[in-house]
Q: 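Provided herewith is a single structure, encoded as structure tokens, for subsequent inquiry.
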2 protein chains.
Amino acid sequence: MKPSVVTFEPNGNSCRDCSIRESSVCSALDAAELRQFEHLGRRVQFGPCETVFSEEDIATSYCNVLDGVMRLYKLLPDGRRQIVGFALPGDFLGMNISGRHNFSADAIGSVAVCQFAKAAFGRFIEDRPHLLRRINELAIRELTQAREHMVLLGRRSAEEKVATFLLSWRERLIPLNGPSNTVPLPMSRQDIADYLGLTIETVSRTFTKLERDGVIEIIHGGISLLDPARAEALAAA
Amino acid sequence: MKPSVVTFEPNGNSCRDCSIRESSVCSALDAAELRQFEHLGRRVQFGPCETVFSEEDIATSYCNVLDGVMRLYKLLPDGRRQIVGFALPGDFLGMNISGRHNFSADAIGSVAVCQFAKAAFGRFIEDRPHLLRRINELAIRELTQAREHMVLLGRRSAEEKVATFLLSWRERLIPLNGPSNTVPLPMSRQDIADYLGLTIETVSRTFTKLERDGVIEIIHGGISLLDPARAEALAAA
DNA sequence: CGACACCTTGAATGCGCTCAAGAGGCGTGG
DNA sequence: CCACGCCTCTTGAGCGCATTCAAGGTGTCG
């Protein structure tokens, strides 16, 4: 929520060593292109709760999440918040058509991103349709996720929401940490509530209930999934 | 809901005369390209409630909505339905990455679409990055709408949902019918409920309340917006 | 050790849902 | 032309899930 105090270093590291090279937009680029591309991006670091960009801000750059987790959210005039997604390493942010961001983004823990000036990136993409295709692919994937989320928000009960969230969050972490029934939850209960369209109390109560029922165990900084099968059942597919 | 009984005619009409040429994907194409393009598409007609495609179907074609309104929805295993959007003339459907549709689509009234076999369309797009860019633009616009819808589903009250829906539906119809306070609602109350994450009874009650309050008048096949300013206020922007 | 943030728990309220019935519109057929 | 059935929409009554309001617990960091 704080104003974004940005610390950045000229991008000393090469794209070749980038941890998200294969999962990000950049996977569309070959070695030669990557060498050109690496001059466009610069690494920017954000501390916990720092704002990366705000809704309605003019979008001057795209960014690739390198490390950490971000919450992406929209606010109503009276302060109600809906988190529209969490961004993880490899995610690409800043696509829009109005020239302005249509949601806000801030760091949950420490976050590192690779920023690209919009103009330079636009020129780079100009004669590289394979990169454009990759971007399109990411946009469509997000759209698919967004629709799935609409079903959750509009048609699922609190318990189904929480169970679905835990399972899909675990799923999203697999490419990063490998499969595991220990699911870290770097975001706060309030974040989870605002993601699921619930209140913090309901989320807390539902966690407790799932624990009482032996489906999960609440551990520090996350949960442990004790009974994945039952969780799937509760998620109502 | 019925199985789709398709009637089609070889596309005698040329793209030049197409009513949605300027608002659809096709706006990215110049006259010469349009002449090639018109061999790829064929006009297909659907009657009321016929299914255009179903979730999990293999997506063999894209389609441009030419005329009519479609509901796009996802179902939970137990039959709960969430309408993720309504498609209007100019909308482009069929984008996905899995090769399968990730929602179902059926006609509300009579609908005409322009279908493109995926393979041929893919070949056509290959060396036409401007068309790809246009598709990307449409995907991003949908993504923006989807996020707006998430806020509605997760964080708005019934009255706010209905007011927001009426205003945004009116807005969407402007390019088709011009601005007007008479808002046709071709979809059923059940459709509206499933779009807003409410029950049909709540939608009906809320319509009645808005009418009692002098905000709208319920007319046959739609509503008349009597007090747009108050509607905006109720929508909690 | 105290202050603060975050999380949990409890009790009561209320919004939207469920269940149920009634009203209205429309096409069909006598 | 009206009678009838069907479907959609509306309205009412009561309920229940998630919320609100309020307090208490837990962990962290100065």
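By convention in this document, chain letters (A, B, ...) are assigned in the order of the sequence lines, proteins followed by strands, and residues within each chain are numbered from 1.
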Q: Taking any heavy-atom pair under 4.0 Å as a contact, classify B:Ser188: base, sugar-phosphate, or nothing.
A: sugar-phosphate
Q: Check the distance between D:dG25's P and A:Ile218's CD1 and give it to me in whole angstrom.
A: 18 Å
Q: When the distance from CZ of B:Arg212 to C1' of D:dG12 is rounded to whole Å, what number comes out?
A: 12 Å
Q: Heavy atoms of chain A, cut-off under 4.0 Å: which first and last nucleotide of DNA chain C, 5' to 3', fall inside that, if you could look?
A: C:dC7 to C:dA11
Q: Partners of A:Gln115 by side-chain hydrogen bond (donor to acceptor under 3.5 Å, both in side chains), sequence neighbours excluded?
A: none
Q: Have a look at A:Thr202 and say if it touches a base, only the backbone sugar-phosphate, or nothing, with a 4.0 Å heavy-atom cut-off.
A: base
Q: Assign A:Gly221 to base, sugar-phosphate, or nothing according to its heavy-atom contacts below 4.0 angstrom with the strands shown.
A: nothing
Q: Would A:Arg147 pass as a cation-pi partner of B:Phe103, given that its NZ or CZ must be under 6.0 Å from the six-membered ring centre and within 45 degrees of the axis?
A: no
Q: What I want to find out is whether A:Asp213 reaches A:Arg230 closely enough, with some N-O distance under 4.0 Å, to be called a salt bridge.
A: no
Q: Whole-Å distance between D:dA22 P and A:Glu201 CD?
A: 12 Å
Q: Counting heavy atoms from C-beta on, name the nucleotide in D:dT11, D:dG27, D:dT20 closest to the side chain of A:Thr199.
A: D:dT20
Q: For B:Gln190 and D:dC9, what is the distance between atoms CD and P respectively, to the nearest whole Å?
A: 9 Å
Q: Counting only side-chain N and O atoms of B:Arg205, is one of them less than 4.0 Å from OP1 or OP2 of D:dT11?
A: no
Q: Quick one: the side chain of A:Arg80 and the base of D:dT19, do they pair up donor-acceptor inside 3.5 Å?
A: no
Q: Could you walk me through whether B:Asp67 and B:Arg43 pass the salt bridge (charged side-chain N to carboxylate O under 4.0 Å, His left out) check?
A: CA-CA 11 Å; B:Asp67 193 47; B:Arg43 188 189 171 90; 5.9 Å; no
Q: Could you check how far CD of A:Glu160 sits from P of D:dA18, rounded to whole Å?
A: 9 Å
Q: Output the rounded distance in Å from CG (B:Leu185) to P (D:dT10).
A: 11 Å
Q: Please evaluate the base of D:dC17 for a donor-acceptor partner in the side chain of A:Glu159 within a cut-off of under 3.5 Å?
A: no
Q: State whether the side chain of B:Asp91 and the backbone N or O of B:Leu88 hold a donor-acceptor pair below 3.5 Å, judged by distance alone.
A: yes
Q: Please figure out whether A:His220 or A:Arg156 has its closest DNA chain D nucleotide nearer the 5' end.
A: A:Arg156
Q: Within the 4.0 Å heavy-atom criterion, would you say A:Thr208 contacts the bases, only the backbone, or no part of the nucleic acid?
A: sugar-phosphate
Q: Round to the nearest Å and state the distance from B:Ile200 atom CD1 to D:dT10 atom P.
A: 8 Å
Q: When the ring planes of B:His101 and B:Phe53 are compared, do they come out parallel, tilted or perpendicular, using 30° and 60° as the limits?
A: parallel
Q: State whether B:Tyr195 and B:Arg71 meet the cation-pi test: NZ (Lys) or CZ (Arg) under 6.0 Å from the six-membered ring centroid, and within 45° of the perpendicular axis.
A: no
Q: Check the distance between D:dT20's P and A:Asp78's CG and give it to me in whole angstrom.
A: 11 Å
